[in-house]
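Structure first, commentary second.
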There are 2 protein chains.
Amino acid sequence: MRPPKVEEQQLLEGLMGVLRSKGYDGASLNDLANSSGLKKASLYHRFPGGKKEIAAAVLQYVGEWINTHIKQILLDQNISPAERLTQVIENINVLYDRGNEVCIIRALSMDTGITLFAERLQQGTTQWIESFKSLGLGMGLSEAEAQKKALQVIINVQGGLVVSKAMGNNAPFEHALKGILEMYQLKKV
Amino acid sequence: MRPPKVEEQQLLEGLMGVLRSKGYDGASLNDLANSSGLKKASLYHRFPGGKKEIAAAVLQYVGEWINTHIKQILLDQNISPAERLTQVIENINVLYDRGNEVCIIRALSMDTGITLFAERLQQGTTQWIESFKSLGLGMGLSEAEAQKKALQVIINVQGGLVVSKAMGNNAPFEHALKGILEMYQLKKV
DNA sequence: GTCTATAGCTAGATAGAC
DNA sequence: GTCTATCTAGCTATAGAC
């Protein structure tokens, strides 16, 4: 068993970077290989299913990150709801590099990506909404209010990212995150 | 002067459809040609600059549509601000087929598209925000409030579209538009 | 203005040496 | 496990007939 030249996590981080910036169709296998220092054929050894399997692995990897750094915190009964929210907002800032990085869900949600990963993209979005809904319920909101606010959270995050990307400036993303805090009546960052 | 087989507007509508659903990298010249019934070589006759010129023409075309159906209405002093907003919301619904279509700005805002069209994408977004800012000022809002609401409008539209796409269901987009009306204190559709 | 045909290249994917 | 070399298909783009 020869040891791998590049560790799994480091490999996935590089692959994710390419997929997020170029999208599924825009990312070539050479791009993906170069992101990690491996050659194309070596990538096929790690991911025999090619680009499709690479994207699936990246989605899995991000899903686990979100589960740990967003979902589990939002559901943690040992911390006050307000504190949970501030921690999670900070983690969202890290995930998207304060508005400079594209969401992998968006990057994979054009035609080809939707065809291949529709179910996964829907699951990821649903989980995100459900987690914030739990937070709202924990704050004493009604079912309907909690659902409505949770939906607005992900709209703000995704909208903020798109607008920041188009404007070439992350102020819209920061505004969107601030709006989330205000929505839950926490004015400070 | 032989007459064109396909009229300019009809041609651009087809090309736009392909670019919106597949994105810049995902749309091949065969895809683009097939969308209009023309052959690849004929597309090069109409757009000698190839895919790049096609996307630029589509951006121009959409920009004019938005100018007519959004900007000019929002600035029209002959109509009440409330009436302007309801008309524009309906036009936004048409533009994005009630949440089923992707925004061309988003479709062209991955790596390749940004490289080619950064300035245009930024201009389009800025114009959109400025138009809604005028609406807010016309409603008596302060400069800062009008700016803030205008930014939230485009965040809601773009976020709603992304989430609806990921969920495969246009309820989030409808929720986002409703949120815009509520933000300007108009509850009805 | 539109077409068929094709050039030249790069994509995704595989074979086989080390 | 990683590599070089290579296959085939599809890509962008052009040439030239009608």
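A note on names: the letters A, B, ... follow the listed sequences, proteins ahead of strands, and every chain is numbered from 1. Treat the numbers as computed from the prediction; the structure is a model and nothing was measured.
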| note | With sequence neighbours left out, the residues meeting ring pair (Phe, Tyr, Trp, His ring centres under 6.0 Å) with A:H69 are A:W65
| task | Drop me the distance from B:W128's CH2 to B:I70's CD1, to the nearest 0.5 angstrom. | result | 3.5 Å
| field | Distance, rounded to the nearest Å, where A:E53 contributes CD and C:dG12 contributes C1' | value | 14 Å
| message | Going by the rule side-chain hydrogen bond (donor to acceptor under 3.5 Å, both in side chains), which residues pair with A:E7 if we only count those two or more places apart in sequence or in a different chain? | response | none
| field | Distance below 4.0 Å between A:N30 side-chain N/O and C:dT10 OP1 or OP2 | value | no
| task | Tell me what B:A33 touches on the nucleic acid: a base, only sugar-phosphate, or nothing, going by heavy atoms under 4.0 Å. | result | nothing
| Just how far, in rounded Å, is P of C:dA11 from CG of A:N34? | 10 Å
| query | Are the charged groups of A:E53 and A:R46 less than 4.0 angstrom apart, N to O? | reply | no
| Where along residues 35-49 of chain A does a heavy atom fall under 4.0 Å from DNA chain C? | A:K40, A:A41, A:Y44
| task | May I have the distance from B:Q10 (atom CD) to C:dG1 (atom C1'), rounded to whole angstrom? | result | 15 Å
| message | Walk me through whether B:E64 and B:Q60 qualify under side-chain hydrogen bond (donor to acceptor under 3.5 Å, both in side chains). | response | CA-CA 6 Å; B:E64 285 164 9; B:Q60 172 75 16; 2.8 Å; yes
| request: Send over the distance from A:L29 CG to D:dC3 C1', rounded to a whole Å. | output: 16 Å
| query | How many Å lie between NZ on A:K52 and P on C:dA13, as a whole number? | reply | 10 Å
| query | Would B:K149 count as a cation-pi partner of B:F132, with NZ or CZ less than 6.0 Å from the six-membered ring centre and within 45° of the ring normal? | reply | no
